[in-house]
**Q** 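The structure's right below; bear with me while I get my questions together.
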Amino acid sequence: MIPVPPTSPPRTRLLVSVRDAAEAALARDHGADLIDAKDPDRGALGALPADTVRAIAAAAGDRLSSAVAGEPRDGAQATACLAALAGTGVGYLKIAWAPGRESAGLRLPAGLPVIAVLFAEDGPDGADVPALAAAGFAGAMIDTRGKDGRRLTDHLPLPRLAGFTAACRAHGLLSGLAGSLALDDIPALAALGPGYLGFRGGLCAAADRTGRLDPQRIAEGARRLAAIVPRVEAA
């Protein structure tokens, strides 16, 4: 029998981007499901040094951890970026990947799932997912390249995002949505069935992504996501 990918998504989980081990412990203790190592001072996908990522992975404890590996120009550079963080102990790596980019030269690290990050400004949709699956990515997410206050939904409408998450489910990929999200974005985006929603600025004081995380905001994000019952699609 050929396995059929599930059509009804599990509960959407909370990803919190952190810059150091202290923030990782804070996120862990206040409800983050996935702790993501990222340097907010270096743009959307600024990679941290390997030693810092290793400390974050250790501080994550029993929570899943991930790390961004940068914004490479091609497959060969992506291979090098991923290799630099492959031994840090995280459960996932994330790398920027342009829609339609050829995977020539890309070598994904053995035994370590990699998430392709597409930027909303490039207009990604569900049609981009099959190529990502064929290239060996374990998941795909959409984020915003610019951090100018515009949120994910200012770039892409909900139906297009729904098509993206549905395509990820159909191809067995973990999906994620991020991009200057606010806590009030949770109901509409969680209803689309992504594997996780990613936050940084929306969980910082004064919504300043380069500032420090606010534990009360993390806890509130976790509470709101936990309260949402996954939608069951009709057969």
Side-chain angles (χ1 to χ4, degrees), residues 2-6 9-21 23-25 27-28 32-39 44-99 101-118 128-143 164-165 167-178 194-198:
I2 299 175
V4 178
R11 179 177 75 82
T12 299
R13 300 185 183 277
L14 176 67
L15 177 151
V16 179
S17 290
V18 305
R19 70 197 316 161
D20 54 34
E23 285 194 346
R28 176 199 68 208
D33 297 299
L34 179 59
I35 295 171
D36 184 52
K38 177 164 65 176
D39 187 348
L45 290 183
L48 289 163
D51 286 346
T52 302
V53 174
R54 192 173 290 110
I56 288 170
D62 62 351
R63 303 303 168 92
L64 190 62
S65 60
S66 63
V68 302
E71 302 179 33
R73 63 178 177 271
D74 55 29
Q77 190 176 57
T79 297
C81 291
L82 292 166
L85 296 179
T88 54
V90 294
Y92 286 91
L93 290 176
K94 295 159 57 184
I95 194 83
W97 199 254
R101 172 177 287 171
E102 294 293 330
S103 60
L106 176 66
R107 298 291 181 272
L108 300 177
L112 182 58
V114 178
I115 307 297
V117 181
L118 289 74
D128 297 304
V129 172
L132 300 177
F137 288 106
M141 71 172 292
I142 299 177
D143 199 347
F164 177 81
T165 58
C168 286
R169 289 194 297 276
H171 287 82
L173 301 188
L174 177 66
S175 65
L177 300 175
Y196 61 89
L197 295 180

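Note that these values count all heavy atoms, side chains included, but never hydrogens, waters or copies made by symmetry.
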**Q** State whether the side chain of T79 and the backbone N or O of G105 hold a donor-acceptor pair below 3.5 Å, judged by distance alone.
**A** yes

**Q** Specify the closest pair of heavy atoms between I115 and Y196, including all atoms of both residues, with the distance to one decimal.
**A** CG2-OH, 3.9 Å

**Q** Could you tell me which non-hydrogen atom of A47 sits nearest to which non-hydrogen atom of G70, and how far apart they are?
**A** CB-N, 4.1 Å

**Q** According to salt bridge (Lys or Arg N to Asp or Glu O under 4.0 Å), does anything in residues 67-89 pair up with another residue at least two apart or in another chain? List the pairs.
**A** none

**Q** Taking side chain as C-beta onward, heavy atoms only, is V117 less than 4.5 Å from V68?
**A** no

**Q** Would the distance check show the side chain of S175 and the main-chain N or O of G195 forming a donor-acceptor pair, the cut-off being under 3.5 Å?
**A** yes

**Q** Specify the closest pair of heavy atoms between I56 and A37, including all atoms of both residues, with the distance to one decimal.
**A** CD1-CB, 3.7 Å

**Q** Output yes when D143 and K94 qualify as a salt bridge under the 4.0 Å nitrogen-oxygen rule, no when they do not.
**A** no

**Q** So does A32 get a backbone contact from the side chain of R63, meaning a donor-acceptor N/O pair under 3.5 Å?
**A** yes

**Q** Give me each pair satisfying side-chain hydrogen bond (donor to acceptor under 3.5 Å, both in side chains) with a member in residues 45-56, each pair once, sequence neighbours excluded.
**A** D51-R54

**Q** If you define the side chain from C-beta out and look only at heavy atoms, does anything of D128 sit under 4.5 Å from W97?
**A** no

**Q** Working to the nearest 0.5 Å, report the span between CD1 of I95 and CG of L108.
**A** 9.5 Å

